[in-house]
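Reviewing the structure listed below.
Not measured: the values here are computed from a predicted model. Position 1 is the first residue of the sequence, and the numbers go up from there.
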Amino acid sequence: AIKLGIKRRLVDPIAVRLGIFQTREAKRYVLYEATAVEEIKAALADTLPRNDAAKLLGLSRPEFDQVERCKLISPLCRLGGGTVQHDRYRRCDLNKLLPASASDLRCVEPDGARFVEFKTFGQGAGLSPFELLQKMAKGDLLPAARCLDRPGIEGFLFSREDLVRLDRK
């Protein structure tokens, strides 16, 4: 805990979440192998506070809370205070909510003829941003392109055909 700069009571829950287990050797003063310290340090360095995690995904706080309540994501730990405001989320967990192909999407300017912006697509399909994200995480709906001047999921563009297809269901 001292080497990590966190309270001792936080080490065990973080370690379990990362799949790190205590050593089983008797007569050891140290509970974890030395390599575990570096692993936990790296995981903590790659976390974001709640507000930043919501921004990364392009969700409002209530939408982000809904994503968490549905168990699509959970915090690694709570650092700095006792409220949800101090929850920390792993960047890799946040990225899992985005389609795997997101980094391969071509970047285009939104044009109403071929592509529909994320929020507009949701409104047209009668889905909240959370519901769209849920469909994307399941692989039921994939964006067709990306708009670079918008962060997170707001940058996703969907084909007009997908909107028509969803409308018919």
Should [X] and [Y] count as side-chain neighbours, where that means a heavy-atom distance under 4.5 Å?
{"X": "M136", "Y": "L142", "result": "no"}
{"X": "R17", "Y": "S74", "result": "yes"}
{"X": "D87", "Y": "E68", "result": "yes"}
{"X": "I20", "Y": "E39", "result": "yes"}
{"X": "R88", "Y": "P75", "result": "no"}

For this session: Start with the C-alpha distance between L18 and L76, add both sets of side-chain angles, then the distance that settles side chain to side chain contact (heavy atoms under 4.5 Å, CB included), and finish with yes or no.
Result: CA-CA 8 Å; L18 295 173; L76 174 65; 4.1 Å; yes
Minimum heavy-atom separation for [X] and [Y], please, with both atom names.
{"X": "I40", "Y": "A15", "result": "CD1-CB, 4.2 Å"}
{"X": "S159", "Y": "A144", "result": "N-CB, 3.9 Å"}
{"X": "C92", "Y": "D46", "result": "N-OD2, 4.1 Å"}
{"X": "R146", "Y": "L157", "result": "C-CD1, 4.1 Å"}
{"X": "A125", "Y": "L163", "result": "N-CD1, 3.6 Å"}
{"X": "A145", "Y": "F115", "result": "CB-CE2, 3.9 Å"}

Between the side chains of [X] and [Y], does any donor sit under 3.5 Å from an acceptor?
{"X": "R61", "Y": "Q85", "result": "yes"}
{"X": "E117", "Y": "T120", "result": "no"}
{"X": "R78", "Y": "T83", "result": "no"}

How many angstroms lie between [atom1] in [X] and [atom2] in [Y], if you round to the nearest 0.5 Å?
{"X": "K71", "Y": "R69", "atom1": "NZ", "atom2": "CZ", "value": "10.5 Å"}
{"X": "F64", "Y": "L94", "atom1": "CZ", "atom2": "CG", "value": "6.0 Å"}
{"X": "L79", "Y": "H86", "atom1": "CG", "atom2": "NE2", "value": "10.0 Å"}
{"X": "K119", "Y": "L132", "atom1": "NZ", "atom2": "CG", "value": "10.0 Å"}
{"X": "I14", "Y": "C77", "atom1": "CD1", "atom2": "SG", "value": "4.0 Å"}
{"X": "D162", "Y": "D140", "atom1": "CG", "atom2": "CG", "value": "11.5 Å"}

Exercise. So, does E38 use its side chain to make a donor-acceptor pair with the main chain of T35 at under 3.5 Å?
Worked result: no
For this session: Show the numbers, then the answer: is there a side chain to side chain contact (heavy atoms under 4.5 Å, CB included) between D65 and R50?
Result: CA-CA 9 Å; D65 293 343; R50 185 178 203 82; 2.7 Å; yes
For this session: Dump the intermediate steps for side chain to side chain contact (heavy atoms under 4.5 Å, CB included) on R91 and L48, then the final yes or no.
Result: CA-CA 7 Å; R91 192 179 302 270; L48 295 171; 3.3 Å; yes
For this session: Answer yes if the ring centres of F156 and F118 are under 6.0 angstrom apart, and no otherwise.
Result: no
Exercise. Could you go step by step and tell me if L72 and Q66 meet the side chain to side chain contact (heavy atoms under 4.5 Å, CB included) rule?
Worked result: CA-CA 9 Å; L72 287 178; Q66 194 174 15; over 6 Å; no
